[in-house]
Engineer: 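Quick one: the structure is below, questions incoming.
Hydrogens, waters and symmetry mates are skipped; everything else that's a heavy atom, side chains included, is used.
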Amino acid sequence: MSKNEEVIAATPAAANKRRIIIIASVVLVLALAGGLGAYFGTRSSSSVSTPTSLPSNNSTGTTTPGKRFIGYWGQNAVNNRLDIVKGFGQRNATTVNQLSLDHYCNTKYYDVINLAFVSEFGGGDNHFTINLAMNGLYKWDGTKQTSGFDSMLTVGTSIKSCQQAGVKVILSLGGDLISNYSFAIGDGKKYANLFYNAFLGGPDATVKPFGADIVLDGIELDIEKNPRDVVNASATVDPSGWTNEMVDFVVTLRALKPSTIIAAVPQCSLAVPGYLGKDKNMGDLLAKTPGSFDYIIVQYYNNIECTYPFGFNYNTWTTLFPGKIYLGLPGGWASAISGGFLSPNDLQAVYDSIKNDKQFGGISVYDVSSSNPPAFDFNATNTANPPESHYSETIYNLLKGKTVGSGRPPQGEPLLETSFGYRCGGTWVHANATCSNKACNPYASTNNTIVNGTNVGTGCGEWEQCFRFLAKC
């Protein structure tokens, strides 16, 4: 979820940008909201409802029974340098950064906080890296820690504070397409044992990054690539090797500690060529071991084709996974470069359409730093003077049963992607609102490639992308 948007987009010509790149795919037949005209007509409206006071100190923080709120912390999305107009890396870094983990727990909004991320692991040698942006970078080389121990102990103190306040803390693995993680033969069982001892209370005290007495509540797999995405990989390499290791990881971890929470984060798209009807990276894992997961978080952003109001596909996901399903949402437009942020009206419409489904577990937000003050609520028109963001409060109130928006019609009938526009831009939301932006080809692999004097690339500028599902002008 990186969620490392700030790192990935620094090389705009790279073909392996994480989910912030427009995925080249077949023309999709997708559902269109009945309220699409209203959606496009209000595309520059504020993205949060009027904030109310924080929950009282005696609040448990628990949302409506059975509906929980999960927040991601660690990657400092509030300061990811995304400029809504110009694109990634074009907004100057600011002094506004994520606050301490326990600060967000003390808002009493969240039932669970996911630590983002263990960004490096695999390869057969038991090494791993915990990357928490400016809050610390911890490295274990397979035999000893090489950096970051003191910073992780500080995080450990916050973890204990959160848990004492009733907030569960889970460690998320992966998080993007470009970080150096993989699954070599034997890694599944090796890393299950290593992480059980390092994070989940196992008896081996060799490595305890957050402190000897810190026991996390679970592990999440946010695997956003497969062997075919590895640099210099063959297009015909078999992804099943990674799948088998992930199966071993999940099954072994469940056997080592049956009470631990195990979750997965698939992308909402089910139409990637070669992987139709399943998540590209973890679809086979979920099919093989659905009972091993407590829940999944389906990421409904930076995957524009399966988001509301274009093709929201929650009902299909209920047929692919039998357990609890959470909606994975961005904390603002600055975390959704390729689209998918839900304004309060759209958020209300989505929630109303699934709130009574027995599999609906709640909502997650990426991340807590970008959806709470002092973060700003950027949109296509307010970049010069944006208001503070209170989006986490909006989601919290929604899950408590309050109305946060007027709602829209539910997802409507299918419509071809070609019924929409394609334009260059720094972000989807700005391209959607700006008819003067250049038309483009979203299925070209690079921005500018000249063949026989003709540009066969997208035709977009260095920091731009070619966005789909835009209002036609």
Engineer: Report the C-alpha separation of Ile219 and Phe249 in whole Å, then their side-chain angles, then the decisive distance to 0.1 Å, and conclude whether the side-chain contact (heavy atoms from CB on, under 4.5 Å) test is met.
Structural biologist: CA-CA 11 Å; Ile219 296 283; Phe249 177 83; 4.1 Å; yes
Engineer: Any chance you could lay out the ring pair (Phe, Tyr, Trp, His ring centres under 6.0 Å) test for Tyr326 and Tyr295, step after step, and finish with the verdict?
Structural biologist: CA-CA 7 Å; Tyr326 287 70; Tyr295 57 84; 4.8 Å; yes
Engineer: Look at the rings of Tyr314 and Phe360 and say which category their plane angle falls in: under 30° parallel, 30 to 60° tilted, over 60° perpendicular.
Structural biologist: perpendicular
Engineer: Sequence neighbours left out, what passes salt bridge (Lys or Arg N to Asp or Glu O under 4.0 Å) with Lys358? Give chain and number order.
Structural biologist: none
Engineer: Contact between Leu200 and Leu216 at the side-chain level, heavy atoms closer than 4.5 Å - yes or no?
Structural biologist: yes
Engineer: Can you tell me if Asn432 uses its side chain to pair, donor with acceptor, with the backbone of Trp428 under 3.5 Å?
Structural biologist: no
Engineer: Working to the nearest 0.5 Å, report the span between CG of Asn79 and CE of Met134.
Structural biologist: 8.5 Å
Engineer: Using a 4.5 Å cut-off on heavy atoms from C-beta on, say whether the side chain of Leu132 contacts that of Met152.
Structural biologist: yes
Engineer: Between CG of Leu253 and CD1 of Ile262, what distance do you get to the nearest 0.5 Å?
Structural biologist: 4.5 Å
Engineer: Between Val207 and Asn197, is there a side-chain heavy-atom distance shorter than 4.5 Å?
Structural biologist: no
Engineer: Please verify the inter-ring angle class for Phe183 with Trp242; under 30° counts as parallel, over 60° as perpendicular, anything in between as tilted.
Structural biologist: perpendicular
Engineer: Any side-chain donor-acceptor pair under 3.5 Å between Tyr196 and Asp204?
Structural biologist: no
Engineer: Is any side-chain heavy atom of Glu305 closer than 4.5 Å to one of Glu417?
Structural biologist: no
Engineer: So, Asn180 and Ser182: side-chain donor and acceptor under 3.5 Å apart, yes or no?
Structural biologist: no
Engineer: Around Lys288, counting heavy atoms of other residues, nucleotides and ligands shown, do more than 12 lie under 6.0 Å from its NZ?
Structural biologist: yes
Engineer: Could you pull out all residues at least two apart from Asn315 that satisfy side chain to side chain contact (heavy atoms under 4.5 Å, CB included)?
Structural biologist: none
Engineer: Could you report the tightest heavy-atom contact between Phe121 and Ile223, atom names first, then the distance?
Structural biologist: CZ-CD1, 4.1 Å
Engineer: Using atom types as modelled and distance alone, determine if a side-chain donor or acceptor of Gln299 lies under 3.5 Å from a backbone N or O of Gln267.
Structural biologist: no
Engineer: When rounded to the nearest 0.5 angstrom, what is the spacing between CD in Glu393 and NZ in Lys402?
Structural biologist: 8.0 Å
Engineer: Could you pull out all residues at least two apart from Phe321 that satisfy ring-ring contact (aromatic ring centres under 6.0 Å, His included)?
Structural biologist: none
Engineer: Looking at Asn135 and Val155, would you say the former's side chain and the latter's main chain have a donor-acceptor pair under 3.5 Å?
Structural biologist: no
Engineer: Is the distance between the ring centroids of Tyr104 and Tyr110 under 6.0 Å?
Structural biologist: no
Engineer: Taking all non-hydrogen atoms of both residues into account, name the closest pair between Asn303 and Ser269 and its distance.
Structural biologist: OD1-CB, 4.4 Å
Engineer: Which value, rounded to the nearest 0.5 Å, describes the distance between Lys190 atom NZ and Asn126 atom CG?
Structural biologist: 6.5 Å
Engineer: Counting C-beta onward and ignoring hydrogens, is there a side-chain heavy-atom pair between Tyr300 and Leu342 closer than 4.5 Å?
Structural biologist: no
Engineer: If every non-hydrogen atom of Ala133 is compared with every non-hydrogen atom of Asn76, which pair is closest and at what distance?
Structural biologist: CB-CB, 4.0 Å
Engineer: Do Leu286 and Trp317 pass the side-chain contact (heavy atoms from CB on, under 4.5 Å) test, and can you show the C-alpha distance, the side-chain angles, and the key distance before you say yes or no?
Structural biologist: CA-CA 11 Å; Leu286 294 173; Trp317 272 100; 4.2 Å; yes
Engineer: Per the salt bridge (charged side-chain N to carboxylate O under 4.0 Å, His left out) rule, what does the pair list look like for residues 147-166, sequence neighbours excluded?
Structural biologist: Lys160-Asp213
Engineer: Taking all atoms of both residues into account, what is the closest heavy-atom pair of Leu327 and Ile297, and its distance?
Structural biologist: C-CG2, 4.4 Å
Engineer: Just one of Phe341, Tyr366, Phe69, Trp333 clears the ring-ring contact (aromatic ring centres under 6.0 Å, His included) bar with Tyr391, so which one?
Structural biologist: Phe341
Engineer: Quick test of your reading: applying disulfide (SG to SG under 2.5 Å), list the pairs with at least one residue in residues 117-175, sequence neighbours left out, ordered by first then second residue.
Structural biologist: Cys105-Cys162
Engineer: Heavy atoms only: give me the nearest Gln465-Ser338 pair and the separation to one decimal.
Structural biologist: OE1-OG, 3.8 Å
Engineer: Keeping Ser179 on the side-chain end and Asp176 on the backbone end, is there a donor-acceptor pair under 3.5 Å?
Structural biologist: no
Engineer: Any side-chain to backbone donor/acceptor pair from Asp141 onto His127? Under 3.5 Å, distance only.
Structural biologist: no
Engineer: Does any part of the side chain of Lys400, heavy atoms only, come nearer than 4.5 Å to the side chain of Tyr109, both counted from C-beta?
Structural biologist: no
Engineer: In terms of side-chain heavy atoms, does Ser369 have a donor or acceptor partner in Gln98 at a distance below 3.5 Å?
Structural biologist: no
Engineer: Can we say Asp248 and Lys189 salt-bridge, meaning some charged N sits less than 4.0 Å from an Asp/Glu carboxylate O?
Structural biologist: no
Engineer: For Lys168, look at atom NZ and say whether over 12 heavy atoms of other residues, nucleotides or ligands are found less than 6.0 Å away.
Structural biologist: no
Engineer: With rounding to the nearest 0.5 Å, note down the distance linking NZ in Lys108 to CG in Asp111.
Structural biologist: 12.0 Å
Engineer: Heavy atoms only: give me the nearest Ala375-Val78 pair and the separation to one decimal.
Structural biologist: CB-CG2, 3.5 Å
Engineer: For side-chain contact (heavy atoms from CB on, under 4.5 Å), just list the numbers for Phe210 and Leu115, CA-CA rounded to whole Å, side-chain angles, deciding distance to a tenth of an Å, and then say yes or no.
Structural biologist: CA-CA 12 Å; Phe210 298 117; Leu115 304 179; 3.9 Å; yes
Engineer: Could you tell me whether a side-chain N or O of Asp284 sits under 3.5 Å from a main-chain N or O of Ser240, the two making a donor and an acceptor?
Structural biologist: no
Engineer: Restricting to side chain to side chain contact (heavy atoms under 4.5 Å, CB included), what partner residues turn up for Ser370, sequence neighbours left out?
Structural biologist: Ala77, Ser335, Asp367
Engineer: Under 4.5 Å between any side-chain heavy atoms of Leu347 and Leu329, yes or no?
Structural biologist: yes
Engineer: Look only at the side chain of Arg254 and the backbone of Phe293, and say whether a donor-acceptor pair between them is shorter than 3.5 Å.
Structural biologist: no
Engineer: I'd like to know whether the aromatic ring centres of Phe128 and Tyr191 sit less than 6.0 Å apart in this structure.
Structural biologist: no
Engineer: State whether the side chain of Glu120 and the backbone N or O of Asn131 hold a donor-acceptor pair below 3.5 Å, judged by distance alone.
Structural biologist: no
Engineer: Have Gln163 and Asp217 got a donor and an acceptor in their side chains that come within less than 3.5 Å?
Structural biologist: yes
Engineer: Check whether any side-chain heavy atom of Thr107 sits under 4.5 Å from a side-chain heavy atom of Ser392, and report yes or no.
Structural biologist: no
Engineer: Exactly one of Tyr181, Phe117, Phe195 should register a side chain to side chain contact (heavy atoms under 4.5 Å, CB included) with Leu173. Which one does?
Structural biologist: Phe195
Engineer: Please check this pair: side chain of Asn397 against backbone of Thr394, looking for a donor-acceptor N/O pair closer than 3.5 Å.
Structural biologist: no
Engineer: Among Asp102, Thr154, Val167, Val169, which residue meets the side chain to side chain contact (heavy atoms under 4.5 Å, CB included) test with Ile159?
Structural biologist: Val169
Engineer: Does a salt bridge link Lys324 with Asp294, judged by any charged N lying under 4.0 Å from a carboxylate O?
Structural biologist: no
